[in-house]
Amino acid sequence: MAAVHARLCGLGLGFACIAVMVFMMARSASPRPVAGTQTRHHHRKPNFIVLFADDLGVNEIRLDNVPNGYTGNNHTIATPNLQRLANEGMVFHNWYSAFHVCSPSRASMMTGRYSIRSGIGSSPLKYAPDAPGGPLPSQVFSAEAVGGLPLNETTIAEALLPQGYATMAIGKWHLGQRDIYLPTARGFEEYYGIPFSQDMGMSFWLPFDYNGIAPMEPTPIPKLKGNAVVEQPAALDKLADEYAQVAKEFVMRNAQKDRPFFLYLPFNHVHTPNSCSPRFCSTSKSGPVGDAVQEMDWVIGEVMDALKHAGVDDNTLVLFTSDNGAPLANDEQGNLPLRDGKASTWEGGFKAPGIAWWPNRIPAGSQSKALVSTLDVFTTVITMAGGDVPTDRIIDGIDLSPILFNGSKQGHDCIMFYHNAAAVNASGELYAMRCGDHKIYWATQSTTTQPWPDGPQDPPLLFDLEADPAETKPIHPKSTEYGLIRLRLEEARLKHLSTISIVPDQMARGSKSEFAICAAPDSKATSPAWPNCTLTPENWQPAGVCNSTRCLQTNPHFRTRCGPRLCPGPRCPPVPQQNFVGCFHNHILGKCDLPIVITGTCSNVSKPLFGNMDVDVCNALCQGHNFFGVGDGGVGCYCGSTYGSQGAAPASNCSWPCVGNPLQTCGGKDLNSIYRVAPVDQPSTPWQHLESV
């Protein structure tokens, strides 16, 4: 059109010249396509969304006509939105995580490099017994970690920023919780989520009491916006809805700006403790794990709908995978038919679901047997964006474009399986390797009993995974086939090991309490019933979950934590004086040791929330027990069937000085008074305020 305009104006055709100018101005001012329009943007930089599940096995999602898993735990879990991605995109049969647990796997995806190259993924118990904070057996960063993803590593987001991309991370990070390691310092302009696993902080959802153990769960679980703590503890039941809303807003905002974007959405689902919203409680036939999978699938549907509504679905590559296999303690069926699960070097520990989606670019309903990995996300995204893949270091990831767009069958020659990512002992920690259809084990690590004892395998085990994906029948070590294949694989092993250099061990830097996240270090002054650092005390008893019959049925241990909703008012009548038993003092521990401890009070405008516990409220909380004690200066409510191991002092002795603290007396509101539980007038169920959700 510009050429036509120049020609007409150059010929002196004034009216035509003006008409063309008006048309061009009107065209340039035309609005962006409305929702649902099928525009084409292949001449522009593509958008990228990486959907990264946590602890999701290949059998926990349901995809039709995909072999070796994908049954939704035998049709007890429904994932219609992932099925949609598969129907409209490509499913990978041989997609592998780069490690068998969280932090190393995420480091590899963010950098395109095996985590042994960045020093992430060795066990301090084995390689750094003197690490600050104690020799943890874990290969992931603690909630007080000193280290993180090294600052000299380049992340996907850092490589995309110079290309003009908007970048955002939503969800679990787990590459260091200190400000210098958080997403906002690693190329992401925006961050919203929990900086590590959702079991690495105290919360309502953990199956044990509110007494976290440093350094893995030293404080209530935090939720961040940028680097600022906005909730502590986080309301885990609201995460899915919040993540969906934040993701949709990010997509719409940048689509309207015509700015290409990279959205990294590492879910907290389905890592324990499973914490769905009431909307998804008891919606699957696989319990809390299945509910969490289905809620995650719903979020994916919301994000995909946002792409379509924004008119950028035809210019966006979406990748879905998981950081490792499912832990068998969480779901025994999650990796079937593969052997073992998370934290093992078997197929169930490393193989993950893999789906790629880009309408009209990736053939709909296609499947690939190419050998691919989370390592490849880095190289693929940066290459497609027109960026420069670093050349000053070894990059292990490959560009998946030929597979996605041209039907190539060539993936990696080999994939490595490290037990510990310890560069000082790379040859000893490279437990297994897959090249083509064959996987060799020089050593094995299992989480359940296997036919072959853990440790070195001599001779190495060799499997044909195309014929035997469950690893049940190793090739006989005396066969000609075994000898020829092993020779080729041993050469590949040596070639790979020759590229490993010793780097600082990030896990050996240990943990320090000063790096724990604590938004309210003096919270005991205002919320004495709850652990220190509590910023949002209402999340210790989340109303949505505690008012949901379905959530309480699916998670029976929630009932004790929610507490019966019997008070205040007539349902908390005064406890008769004759129910007073006496005072209690543990002369060894200096506190009551009745076996069950409940803290907090009922919500009431006439009493400060989580203020001092009183006798009547404690009585109501202890229905179903024989005795209760109000202790710890009115903060604690103790329930039990007996007084406790030290017995109770008679009422006549309640003014005696307490042993070890002569300034206080034993009993009364300052220490511990014991009563028999009085019946509380209530309907047939103590959960009378609950509503079916």
Side-chain angles (χ1 to χ4, degrees), residues 46-53 56 58 85-86 89-100 104-118 120-121 149 153-160 175 187 262-266 316-325 347 350-358 361-363 366-391 393-418 421 433-436 492 496 499:
N47 308 303
F48 303 100
I49 295 181
V50 175
L51 304 168
F52 204 47
L56 182 78
V58 295
L85 286 184
M90 178 180 289
V91 177
F92 290 92
H93 292 193
N94 296 309
W95 184 296
Y96 285 91
S97 172
F99 208 78
H100 53 78
S105 169
R106 293 159 195 273
S108 291
M109 191 187 71
M110 276 287 111
T111 65
R113 289 154 52 82
Y114 286 108
S115 67
I116 195 170
R117 303 191 193 279
S118 56
I120 299 175
L149 182 65
E153 292 285 349
T154 299
T155 69
I156 300 173
E158 288 170 332
L160 291 182
L175 291 174
F262 169 49
L263 173 61
Y264 173 47
L265 208 170
T316 302
L317 172 65
V318 177
L319 297 171
F320 170 82
T321 187
S322 175
D323 62 345
N324 42 250
E347 286 288 278
F350 278 81
K351 183 168 275 190
I355 305 175
W357 178 92
W358 188 345
R361 295 295 309 279
I362 297 174
S366 55
Q367 298 187 20
S368 172
K369 292 184 178 181
L371 201 57
V372 297
S373 168
T374 52
L375 293 162
D376 307 330
V377 175
F378 177 89
T379 309
T380 302
V381 168
I382 295 174
T383 301
M384 287 187 185
D388 296 320
V389 175
T391 57
R393 65 200 68 185
I394 293 174
I395 299 296
D396 299 298
I398 63 173
D399 180 9
L400 297 178
S401 297
I403 300 172
L404 296 175
F405 307 134
N406 302 324
S408 171
K409 298 179 181 180
Q410 180 60 49
H412 288 266
D413 292 330
C414 301
I415 295 283
M416 312 299 156
F417 299 77
Y418 280 96
M433 179 178 67
R434 177 175 179 176
C435 300
H496 167 75
T499 69

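This is a predicted model, so every value here is computed, not measured.
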Worksheet item: Does the side chain of Ser401 come under 3.5 Å of the side chain of Asp399 through a donor N or O and an acceptor N or O?
Response: yes

Item to complete: Taking atom types as modelled, find out whether His412 and Asp396 have a side-chain donor-acceptor pair closer than 3.5 angstrom.
Response: no

Response to the item:
Distance col, row Leu51:CG vs Leu263:CG, nearest 0.5 angstrom, shows 7.5 Å

Practice prompt. Please work out which of the three classes, parallel, tilted or perpendicular, describes the rings of His496 and Tyr418, given edges at 30° and 60°.
Written response: tilted

Discussion item. With rounding to the nearest 0.5 angstrom, report the CD1 to OG1 distance, Ile382 to Thr155.
Written reply: 8.0 Å

Fill in: Atom pair OG (Ser115) and CG (Leu175), whose distance is rounded to the nearest 0.5 Å
10.0 Å

Discussion item. Does the Lys NZ or Arg CZ of Arg361 fall within the cation-pi geometry relative to Phe405 - under 6.0 Å from the ring centre and within 45° of the axis?
Written reply: yes

Item to complete: Mind checking the NZ-OG spacing from Lys351 to Ser373? Nearest 0.5 Å is all I need.
Response: 12.5 Å

Discussion item. For Thr321 and Thr374, which I'm curious about, is there any donor-acceptor pair between the side chains at under 3.5 Å?
Written reply: no

Worksheet entry | Residue pair Glu347, Tyr96: steps toward the side chain to side chain contact (heavy atoms under 4.5 Å, CB included) verdict | CA-CA 9 Å; Glu347 286 288 278; Tyr96 285 91; 2.6 Å; yes

Item to complete: Report the relative orientation of the aromatic rings in Phe52 and Tyr264; use parallel for angles under 30°, tilted for 30 to 60°, perpendicular for over 60°.
Response: tilted

Worksheet entry | From CD1 (Ile355) to CH2 (Trp95), nearest 0.5 Å | 10.0 Å

Discussion item. Return the OG1 to CZ distance between Thr383 and Phe378, rounded to the nearest 0.5 Å.
Written reply: 9.0 Å

